[in-house]
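Take a look at the structure below.
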Amino acid sequence: DVGDVASLHALAAATRVLITTVGPYTRYGEPVVRACAQAGTDYLDLTGEPAFVDAMWLRHHRTAQASGARLIHCAGFDSMPHDLGAQFTVEQLPEDVPITVEGYVRARVRPSGGTVHSAVGIVTDLRGAAQLARERRRADPDPPGRRVRALPPIPGRRPEVGWVLPMPTVDPQIVLHSARALPRYGPDFRYGHFYAPGSTAMALGATVAAGGVLAAAQLPPARRLILARSSPGEGPSAAQRARGWFNVRFAGEGGGQRVVCEVAGGDPGYGETAKMLGEAALCLAHDDLPSTAGQVTTAVAMGPALRERLLRAGISFARVA
């Protein structure tokens, strides 16, 4: 019960790693983050809400640094395959050189009700999210002597996957946070994140659909209609989940070399996300990891150790070119 502050503090004090899957996190998440930050307890969630991630850094990062807590957001399909996949791609390239990586996402997934409500919340408060992002960038700049930036979100064709469209999710935000924290990403790191629809017709359809949802979400009657179609706690059936899959390709360039890597698995919304979240908790509890504290990403806190766990769980990481 996130309204029972005493119960949250008692829970955080009684464990080493706490997982919360209760979203939208902008509505329910902060009391749990606060309890873990104050207790020195490692924290994991499944948020895909950029504003929530930035707000929690601004409000609780320093407390967690002092207590030793590791606060890790986006520990499911948002954004673990992209964060660890970009790190894996960087590791295939020379050190101490400018590096550019693009991620191309392909997936078949039916979202849950909680995901739909979170997504609508994101697009209805883009201005507030942008303000939080600016506040964080002022307080959390690039490290001295290094530069980390996002590539322009321009659609186009790529030799690896064909047409790609900008994918305005939390994933590039997380990848860039990892790059700022880890010198292995080089003196000048750039990352772009895209959806690969598979054909020109699908690219046009996805563009029209995304624009329609974005416009509708700004109008209260249309927004209520979208939200009424699903409720938090609802999700796809077992048969629908069995048909799910994901594949993320990463094209990386640096030091005169070019590599293509791939992260792939089954149903991203539930099956593989459950593996990612569970293995991350076990990794934090049991593995020999770098010393980190505060709000950190999966790549920064766990990196190769978590990647090995996911490989054993059936999620593949491979260099394909």
Side-chain angles (χ1 to χ4, degrees), residues 46-50 53 73-90 100-112 115-116 118-119 122-123 150-179 190-211 213-214 236 241 243-253 259-273 275-277 297-299 307 310 315-321:
L46 291 176
T47 189
E49 300 153 74
V53 174
H73 305 285
C74 311
F77 186 62
D78 284 328
S79 299
M80 197 180 291
H82 318 104
D83 191 26
L84 296 181
Q87 184 183 42
F88 178 72
T89 304
V90 166
T100 299
V101 176
E102 288 190 345
Y104 314 122
V105 181
R106 294 177 290 186
R108 179 175 183 174
V109 58
R110 185 181 179 91
S112 68
T115 298
V116 171
S118 294
I122 291 169
V123 301
L151 291 169
I154 301 173
R157 291 186 66 87
R158 300 294 190 275
E160 296 80 16
V161 291
W163 277 100
V164 299
L165 304 171
M167 194 170 179
T169 60
V170 73
D171 306 313
Q173 174 180 328
I174 298 300
V175 172
L176 294 175
H177 290 329
S178 295
R190 302 187 301 165
Y191 181 72
H193 196 65
F194 299 90
Y195 169 58
S199 69
T200 302
M202 292 179 68
L204 290 172
T207 301
V208 171
V213 171
L214 179 62
R241 296 196 303 273
R243 294 192 293 270
W245 56 269
F246 80 89
N247 176 293
V248 189
R249 287 217 161 182
F250 298 88
E253 296 183 352
V259 300
V260 179
C261 299
E262 182 178 274
V263 182
D267 170 52
Y270 280 83
E272 304 299 54
T273 281
K275 294 178 186 177
M276 295 173 200
L277 188 62
T297 65
T298 55
R307 200 163 65 223
L310 295 179
I315 297 173
S316 65
F317 290 77
R319 178 173 172 175
V320 297

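Note that the coordinates shown come from a computational prediction; the quantities given were computed from them, not determined experimentally. We use all heavy atoms of the structure for the numbers below, so side chains are in, but hydrogens, waters and symmetry mates are not.
With a 4.5 Å cut-off on side-chain heavy atoms, Asp83 and His177 do not count as touching. Counting heavy atoms from C-beta on, the side chains of Thr47 and Asp78 never come closer than 4.5 Å. Considering only heavy atoms from C-beta on, Val263 stays 4.5 Å or farther from Leu84 through its side chain. Put simply, the side chain of Arg106 reaches to within 4.5 Å of the side chain of Trp245, judged on heavy atoms.
A cation-pi arrangement is present between Arg158 and Phe194, with the terminal nitrogen or guanidinium carbon under 6.0 Å from the aromatic centre and inside a 45° cone about the axis.
Within the model, atoms CD of Glu262 and CZ of Phe88 stand 10.5 Å from one another, a figure rounded to the nearest 0.5 Å. To the nearest 0.5 Å, atoms CD (Glu49) and NE2 (His73) are separated by 10.5 Å. How far CD1 of Ile315 is from CD of Glu272: 4.5 Å, rounded to the nearest 0.5 Å. Between Ser79 atom OG and Met276 atom CE the span is 10.5 Å, to the nearest 0.5 Å. Between atom CD of residue Glu160 and atom SG of residue Cys261 there is a gap of 11.0 Å, rounded to the nearest 0.5 Å. In this structure, Leu151 CG and Thr100 OG1 are separated by 6.0 Å, a value rounded to the nearest 0.5 Å.
Every residue meeting the ring-ring contact (aromatic ring centres under 6.0 Å, His included) condition with Phe246, not counting sequence neighbours, appears here in chain and number order: Phe77. For His193, the ring-ring contact (aromatic ring centres under 6.0 Å, His included) criterion is met by His82, Tyr191, not counting sequence neighbours.
In terms of heavy atoms, Lys275 sits closest to Leu310 at O-CD2, 4.2 Å. The minimum heavy-atom distance linking Thr297 with Ser178 is given by the pair OG1-OG, 2.6 Å. Among all heavy-atom pairs drawn from Pro50 and Gly48, the shortest one is CD-O, 3.2 Å. Ile154 and Pro166 make their closest contact through N-CG, 4.2 Å (heavy atoms, listed as atom of the first residue, atom of the second, distance). For the residue pair Gly269 and Val109, the shortest heavy atom distance occurs at N-CG2, 3.7 Å.
A side-chain donor-acceptor contact under 3.5 Å links Arg241 to the backbone of Pro236.
Residues in residues 164-178 take part in no salt bridge (charged side-chain N to carboxylate O under 4.0 Å, His left out) pair, two or more places apart or across chains.
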